[in-house]
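In what follows, a structure is listed as structure tokens, so that the remarks can point back to it.
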Amino acid sequence: MVVLRPARESDAAAISQLIAQLGYSADSTATQQRLGRLLPREDHLVLVAVTKGETVCGWLHAHAADALESGFRVEIVGLVVGREMKRKGVGKALVEQAERWAKALGAEAIVVRSNIKRTESHAFYPALGYTESKTQKVYRKQLSATGLKASKQASPPLGGSA
Ligand SMILES: CC(C)(COP(=O)(O)OP(=O)(O)OC[C@H]1O[C@@H](n2cnc3c(N)ncnc32)[C@H](O)[C@@H]1OP(=O)(O)O)[C@@H](O)C(=O)NCCC(=O)NCCS
């Protein structure tokens, strides 16, 4: 049996191993630091799926954000199910939990961008009722900062009284 629970910093190594299955380099220390920043935040949801033996077999990260052009929505920014546990309903359970969270927050929609090469996901999301809305190119420019400063500044509201 698989159960879902909020991720903990101690899940970093297991989450990194699943990230590595996608072909990305996955530094467990960096994952732990990111979890440390994300877990206290109410606009982020990080879930893990664990087997009876407490092995992490899947994870999902979702982010709620307000956008001027598209309104308040939740985006699934990461989802991986371990290769031994695929096609057992784990991915579906993680996404359905993210949908409940999104509804509870009052999000207008839940969206996900998935690389064209992730063939499994292009069967998975339509099976869960998601429809393809557009095709994009993603542009990237490497900056020298680590990102730590930016994410610390994002928490207090801009122009707030604090
Ligand atoms: C996509 C992914 C998360 C699916 O997880 P999963 O736990 O295997 O999916 P589920 O068992 O919940 O599948 C639910 C339904 O989706 C569809 N589906 C899932 N994987 C599929 C596949 N490889 N081929 C065809 N249909 C598939 C099926 O309809 C399935 O129901 P069924 O098994 O009763 O037929 C998993 O394959 C994965 O981690 N892939 C690599 C990473 C990735 O692509 N992540 C998403 C990018 S955001």
Side-chain angles (χ1 to χ4, degrees), residues 1-35 37-39 41-67 69-105 107-140 142 147 151 154:
M1 204 188 82
V2 171
V3 294
L4 308 185
R5 62 162 171 78
R8 304 172 186 141
E9 279 190 53
S10 56
D11 297 319
I15 290 173
S16 296
Q17 276 179 12
L18 292 172
I19 294 171
Q21 286 186 14
L22 293 183
Y24 292 113
S25 68
D27 174 346
S28 159
T29 307
T31 303
Q32 187 172 354
Q33 286 168 351
R34 289 174 192 149
L35 284 169
R37 297 197 299 272
L38 293 172
L39 296 181
R41 290 181 57 168
E42 291 183 356
D43 55 342
H44 287 266
L45 174 73
V46 189
L47 292 172
V48 290
V50 293
T51 62
K52 219 164 49 177
E54 269 294 302
T55 303
V56 173
C57 61
W59 62 267
L60 174 146
H61 174 200
H63 178 213
D66 217 356
E69 62 175 300
S70 50
F72 183 53
R73 61 190 202 169
V74 163
E75 179 167 354
I76 296 171
V77 287
L79 167 65
V80 185
V81 173
R83 56 173 78 92
E84 306 79 18
M85 290 300 287
K86 282 181 183 172
R87 298 306 290 271
K88 296 180 195 296
V90 176
K92 183 177 182 201
L94 285 163
V95 168
E96 286 178 348
Q97 184 70 23
E99 290 173 3
R100 283 191 285 274
W101 179 71
K103 280 182 195 155
L105 290 180
E108 295 164 37
I110 181 161
V111 298
V112 58
R113 295 163 221 251
S114 184
N115 193 315
I116 198 154
K117 71 183 184 191
R118 304 262 173 243
T119 49
E120 294 160 325
S121 76
H122 302 298
F124 171 72
Y125 286 110
L128 270 58
Y130 288 69
T131 52
E132 190 178 328
S133 63
K134 61 181 164 184
T135 305
Q136 294 182 315
K137 285 190 181 180
V138 176
Y139 296 92
R140 179 184 165 96
Q142 192 67 37
S151 64

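Counting from 1, the numbers follow the sequence of the chain as shown. Numbering of ligands and ligand atoms starts at 1, following listing order. Basis for what follows: all heavy atoms, side chains included, without hydrogens, waters or symmetry-related copies.
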[atom]: which protein heavy atom is closest, and how many Å away?
| atom | answer |
| --- | --- |
| atom 7 (O) of ligand 1 | Gly91 N, 2.7 Å |
| atom 40 (N) of ligand 1 | Glu120 OE1, 2.9 Å |
| atom 39 (O) of ligand 1 | Val81 N, 2.8 Å |

Can you find an N/O atom of [X] closer than 3.5 Å to an N/O atom of ligand 1?
| X | answer |
| --- | --- |
| Arg118 | no |
| Leu22 | no |
| Val80 | no |

Nearest-option assignment for [atom], heavy atoms, candidates [options]:
| atom | options | result |
| --- | --- | --- |
| atom 1 (C) of ligand 1 | Ser121, Ala49, Gly89 | Ser121 |
| atom 47 (C) of ligand 1 | Pro126, Ser114, Ala127 | Ser114 |
| atom 28 (C) of ligand 1 | Glu96, Arg87, Lys88 | Arg87 |
| atom 38 (C) of ligand 1 | Met85, Lys86, Glu75, His61 | Lys86 |
| atom 9 (O) of ligand 1 | Tyr125, Trp59, Phe124 | Phe124 |

Is it true that Leu79 lies under 4.0 Å from ligand 1, counting heavy atoms only? yes

Nearest 0.5 Å, please: how far is CG in Leu35 from CD1 in Ile15? 5.0 Å

To the nearest 0.5 angstrom, please state how far the CD atom of Glu99 sits from the NZ atom of Lys92. 10.0 Å

Could you tell me which atoms of ligand 1, counted from 1 in the order shown, lie closer than 4.0 angstrom to a heavy atom of [X]?
| X | value |
| --- | --- |
| Val90 | 7 (O), 12 (O) |
| Lys92 | 12 (O) |
| Ala123 | 24 (N), 25 (C), 26 (N), 27 (C) |

[X] versus [Y], closest heavy-atom pair with distance:
| X | Y | result |
| --- | --- | --- |
| Pro6 | Asp11 | O-OD2, 4.5 Å |
| Met85 | Cys57 | CG-CB, 3.5 Å |
| Asp66 | Gly71 | OD1-C, 3.3 Å |

Can you find a protein heavy atom closer to atom 34 (O) of ligand 1 than 4.0 Å? no

Electrostatic pair Arg5:Glu54 at N-O distance under 4.0 angstrom: yes

Please check if the side chain of Gln21 supplies one atom and the backbone of Arg83 the other of a donor-acceptor pair under 3.5 Å. yes

Quick one: does His122's side chain have a donor or acceptor within less than 3.5 Å of a partner on Lys117's backbone? no

For Leu38 and His61: C-alpha separation, side-chain torsions, deciding distance, then whether side chain to side chain contact (heavy atoms under 4.5 Å, CB included) applies. CA-CA 10 Å; Leu38 293 172; His61 174 200; 3.7 Å; yes

Step by step, work out the side chain to side chain contact (heavy atoms under 4.5 Å, CB included) result for Ile76 and Tyr125. CA-CA 11 Å; Ile76 296 171; Tyr125 286 110; 4.0 Å; yes

